Amino acid sequence: MTRLSEYLLPTERKAPADAEAISHKLMVRAGLIRQIGAGMWTWMPAGWRVHQRVVSIIREEMDAIGAQEMLMPVLQPAELWRKTGRIAIDELFKLHDRKGAELVLAMTHEEAVTTHVAQVVRSYRDLPKILYHFQVKERDEPRPRAGVLRTREFVMKDSYSFDRDDQGLAKSYDLHVGAYDRIMERTGLRFYCVEADVGMMGGLGAHEYMAPCPAGENEVVLAGSYAANIEVASATPQQVQLTEPLPQPRELSTPGLTSVEEVATSLGLAPGALLKAYPVVVEAGAARAKTGSAGNVGNAKEGGAGGASTSEAPADRLVLVLVRGDHMVNEIKLGLALGARSRPARPEEISAQLGPPGFIGPVGLDGRVEILLDNAVAERLDATEGGYVTGANRPDTHLTGVRPGRDFAFRAVDVRSVCEGDTIDGVPVTIEPAIEVGNIFKLGLRYSEPLGATYLDENGVQQAIWMGCYGIGPARIAAAAVEQYADEQGISWPKALAPFALHLVAVGKQGSPEREAGERVYEALRAAGVEVLYDDRDVGPGEKFADAELLGCPLRLTVGKRALESGEIEVQVRRGRAAAPGLPLGGDAPTLAAGIAELWQDLP
RNA sequence: CGGGGAGUGGCGCAGUCUGGUAGCGCACCCGGCUGGGGGCCGGGCGGUCGCAGGUUCAAAUCCUGUCUCCCCGACCA
């Protein structure tokens, strides 16, 4: 169906000098994508075929759960986004038309779809509904990166469910879980469905579909059947092993030792014997407004200044967060614990309210500053029986034997990131980098309320519509597949995503018997309806083989001297580059089709 | 936004320090050879050296400004 001599497949011998990620390098080298600006990418013909394969799978599974495909515009009036408060999001592209009217480029489509539903849906009889489209999303990313892994413009399938109540939403959500599981399985990707940040939406529920690979920007925590984004994961910490008894003096002179590591090393203690003090400031009016959207799949989470009201102006508030010295504060969990956004305190704020930066601690604050103590410390006071080492809030001084509860009051919260060595129900966790390829989110009334999406129930009472949103990024699925299965030679597509089912290589000079045999095989495959890319270029065999393995179609057929001699077309399976049983060189279309179908069945 | 790096032909790079006619490999075009792992020989085409201004007899090279791209971090419902 396609002759390489006529096809636009601009392969490159070398990757772009600035490329880092495997998928970035290989997709450019294989002629699948080309960059036109930061975070702006063109899909070349073969790349678009891959993209469309993903789209087809998604469409079939969405249709299978009764979702209805539509198309909404990217260019939208700013007014809609003002109503939901999302006009304040930095990533939202804003522009004006010639009349000066304010417009935005949609980053997701909650505003649009909800507006329509608000106009059209009147009665409980009109519900439930699941609507979806494939549409470009525009996001002013602070840092696009890694080829098509994080771009400023990308196609997303976003669907939206509309139900009369939370139970209906739960059903729609479950339908999507089923559809997404099937989509991921069909793509051939290795993936996890993980618990995700539900934020302030009331814990309605959110999951992310993660494809593990080294280029991933997210981290997933796994243990047995447990799977969660590290942003929300919780686990049991490892016990601190004290190799030395705590120093006796209550006060220690620790000149110039401002980090946990320095103090621990100097005292010969495990870092876990210290308390790490992490002062943050909750800024006035910085309620942690979660916008909730089908959002991140192809891309960044949206910033959420969404409509935080600032009618009153409370002062900035300093909070001291304490975690064990070997642990890290998790910003997402901290946000949940505080119920607000926060930022690290500035040195002058620390000096003014606590003590010299590097020597601060919880003792002696007399309730002036709220103290959040991580559960790993609060729930396991026995971990270091003699208490912990902390800053003394005086220059060059630390305290030993500090015991939470006795020496300072606190609120116990879970604010640390899970780390290697933790366990869940006794099972050690593993932490893997992964690409977020899809997400599902229970929105609740976040959009239906501001946009007036309501219905009348059986009693004639007006009710708000319960919504869910569900995103999935075909580009990321394609890139994740490259990341997961590439080898030294190039891409190795799962059969469901390959641009062509097979790559036919004819070796021998033009007009040779080998090439004529190649032509006949090509025509037979074409007649059989096989999706074949035929390398009929007048170049050497090495180049053809190299390009075939770079592009990564699941099967490579070779017609050359050997085929003429043996009467069999050679077959190579791309995954593992293993030879497969040959096909009859003189076979007619049905014979070849049957042979290929048989091979195809066993492919990954 | 902070830090680092880079803009020279389609791709990968040298040349910049020390100013003096813009080079190399690959690719591409023509001719020939070769034809099972990016092969060989010969001959060619192609570049406002990111952009603007300045210094100078003379600027890819020095100065000033600016734009763009990449990497790390920050940011990222």
Side-chain angles (χ1 to χ4, degrees), chain A residues 10-21 24-25 28-29 31 34-40 84-86 88-92 107-108 110 139-147 150 152 196-201 204 206 208 217-218 229 231-232 288-308 331-332 335-336 341 343-344 436 439-444 446-447 469 471 489-490 505-515 518 535 537-550 556 558-565 570 572 577:
Chain A
T11 57
E12 295 288 345
R13 206 159 184 163
K14 286 181 174 167
D18 46 28
E20 289 285 323
H24 183 185
K25 290 179 183 171
V28 172
R29 281 192 59 207
R34 284 279 164 134
Q35 184 172 26
I36 203 164
M40 295 176 269
T84 60
R86 294 212 295 176
I89 294 175
D90 290 335
E91 281 75 19
L92 185 67
M107 47 195 296
T108 58
E110 282 81 2
R139 295 183 185 180
D140 193 358
E141 284 289 333
R143 189 155 98 81
R145 61 177 290 273
R150 178 176 292 276
R152 293 199 283 182
D197 182 23
V198 294
M200 299 289 281
M201 295 302 301
L204 290 178
E208 292 164 339
E217 296 183 288
N218 298 88
N229 191 315
E231 292 175 348
V232 299
R288 186 177 185 248
K290 303 280 290 191
T291 65
S293 80
N296 339 302
V297 184
N299 251 296
K301 309 187 172 185
E302 31 197 275
E331 303 287 343
I332 301 279
L336 291 170
R341 295 174 151 256
R343 59 164 172 83
E436 183 180 356
N439 72 2
I440 55 179
F441 193 97
K442 290 184 181 177
L443 286 173
R446 166 70 179 85
Y447 293 91
C469 65
Q489 281 69 35
V505 172
V507 295
K509 66 174 122 183
Q510 231 155 11
S512 65
E514 297 95 304
R515 292 290 287 269
D535 192 345
R537 294 175 302 170
D538 194 19
V539 300
E543 196 168 340
K544 292 187 178 186
F545 291 138
D547 274 349
E549 283 168 1
L550 177 59
R556 189 185 80 197
T558 307
V559 176
K561 208 176 288 173
R562 290 181 202 163
L564 290 183
E565 285 165 3
E570 295 160 73
Q572 187 214 56
R577 303 171 75 214

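Note that this is a predicted model, so its numbers are computed, not measured. Below, chain A is the first sequence line, B the second, and so on; all start at residue 1.
Residue A:Val505 is out of contact with every strand shown, counting any heavy-atom pair closer than 4.0 Å. A:Ala38 comes within 4.0 angstrom of the backbone, heavy atoms only, and of no base. Among the protein residues, A:Ser512 comes within range of no part of the nucleic acid, since none of its heavy atoms lies under 4.0 Å from any strand. Within the 4.0 angstrom heavy-atom criterion, base atoms lie near A:Arg29.
Spacing between atom NZ of A:Lys25 and atom C1' of B:rC70 amounts to 13 Å, rounded to whole angstrom units. Between A:Asp547 atom CG and B:rA27 atom P there is a gap of 12 Å when expressed in whole angstrom units. To the nearest angstrom, C1' of B:rU68 lies 14 Å from CD1 of A:Ile36. Remark: P of B:rG39 and NZ of A:Lys544 are 14 Å apart, rounded to the nearest angstrom. Taking atom CD on A:Glu141 and atom P on B:rC71, their separation rounds to 13 Å, with Å as the unit. Residue A:Lys509 contributes atom NZ, which lies 12 Å from atom C1' of B:rG32 at whole-angstrom precision. The distance from atom CD of A:Gln510 to atom P of B:rC33 is 14 Å, rounded to the nearest whole Å. The CZ-P distance, from A:Arg577 to B:rG37, rounds to 12 Å in whole Å.
Legend: residues meeting side-chain contact (heavy atoms from CB on, under 4.5 Å) with A:Lys509, ordered by chain and number and at least two apart, are A:Ser512. Not a single salt bridge (Lys or Arg N to Asp or Glu O under 4.0 Å) links A:Glu20 to another residue, sequence neighbours left out. Applying the side-chain contact (heavy atoms from CB on, under 4.5 Å) criterion to A:Gln35, with sequence neighbours excluded, gives A:Trp41.
In this structure, A:Arg152 contributes its side chain and A:Asp140 its backbone to no donor-acceptor pair below 3.5 Å. When atom types are taken as modelled, the side chain of A:Arg515 and the backbone of A:Gly508 share a donor-acceptor pair closer than 3.5 angstrom.
For residues 539-548 of chain A, every residue pair satisfying the salt bridge (charged side-chain N to carboxylate O under 4.0 Å, His left out) rule, not counting sequence neighbours, is listed here: A:Arg537-A:Asp547.
Residue A:Glu20 places its side chain closer to B:rC71 than to any other of B:rC71, B:rA74, B:rG36. The listed nucleotides are B:rC70, B:rC75, B:rG35; the one nearest the side chain of A:Asp538 is B:rG35. In this structure, the nucleotide among B:rU34, B:rC69, B:rG37 sitting nearest to the side chain of A:Met40 is B:rC69. Taking every side-chain heavy atom of A:Glu549 into account, B:rG37 is the closest of B:rG37, B:rC71, B:rC69. Of the candidates B:rG36, B:rC70, B:rG37, the closest approach to any side-chain atom of A:Gln572 belongs to B:rG37.
Nucleotides B:rG10 and B:rG47 are separated by 9 Å at their P atoms, to the nearest Å. Taking the C1' atom of each, B:rG35 and B:rC17 are spaced 49 Å apart, rounded to whole Å. Spacing of P atoms, B:rC49 relative to B:rG44, comes out at 25 Å, to the nearest Å. On the C1' atoms, B:rC13 is 26 Å away from B:rU66, given to the nearest whole Å. Distance noted for atom P between B:rU18 and B:rC63: 10 Å (whole Å). Separating the C1' atom of B:rU16 from that of B:rU61 is a span of 4 Å, rounded to the nearest Å.
A 4.5 Å side-chain heavy-atom check between A:Asn229 and A:Glu436 finds every atom pair outside the cut-off. Between A:Pro142 and A:Glu91 there is a side-chain heavy-atom pair separated by less than 4.5 Å. Side-chain contact check for A:Thr108 versus A:Arg139: some heavy-atom pair is nearer than 4.5 Å.
An OP1 or OP2 oxygen of B:rC70 is reached within less than 4.0 angstrom by a side-chain nitrogen or oxygen of A:Gln35. At B:rC72, one or more side-chain N or O atoms of A:Arg145 fall inside 4.0 Å of OP1 or OP2 (strictly under the cut-off).
For the pair A:Ala146 and A:Glu543, both in contact range of RNA chain B, the more 5′-proximal nearest nucleotide belongs to A:Glu543. The nearest heavy atom of RNA chain B to A:Val507 and to A:Ala19 marks one nucleotide each, and the one closer to the 5' end goes with A:Val507.
If you take CG on A:Leu550 and CZ on A:Arg29, they are separated by 5.0 Å, rounding to the nearest 0.5 Å.
In this entry B:rG9 has no Watson-Crick or G-U wobble partner, no candidate having both defining distances under 3.5 Å. With a 3.5 Å ceiling on both atom-pair distances, the Watson-Crick or G-U wobble partner of B:rG2 is B:rC72. Using Watson-Crick or G-U wobble geometry with both donor-acceptor distances under 3.5 Å, B:rC49 finds no partner in any strand shown. Both distances falling under 3.5 Å, in either a Watson-Crick or a G-U wobble arrangement, place B:rG42 opposite B:rC30. Under the Watson-Crick or G-U wobble criterion, with both distances below 3.5 Å, B:rG20 is paired with B:rC57. With a cut-off of 3.5 Å on both Watson-Crick or G-U wobble distances, the partner of B:rA14 is given as none.
For the pair A:Glu110 and A:Arg446, the salt-bridge criterion is not met [side-chain N within less than 4.0 Å of a carboxylate O].
Among A:Gln572, A:Glu570, A:Arg577, the one residue that satisfies the side-chain contact (heavy atoms from CB on, under 4.5 Å) test with A:Arg556 is A:Gln572.
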Contacts under 3.5 Å, N or O only, protein and nucleotides 2-12 of chain B:
from   : atom 1 : to      : atom 2 : distance (Å)
B:rG12 : OP1    : A:Ala17 : N      : 3.2

Protein-nucleotides 44-48 of chain B N/O pairs under 3.5 Å:
none

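Taking only distance into account, the side chain of A:Glu570 meets the base of B:rG36 through a donor-acceptor pair shorter than 3.5 Å.
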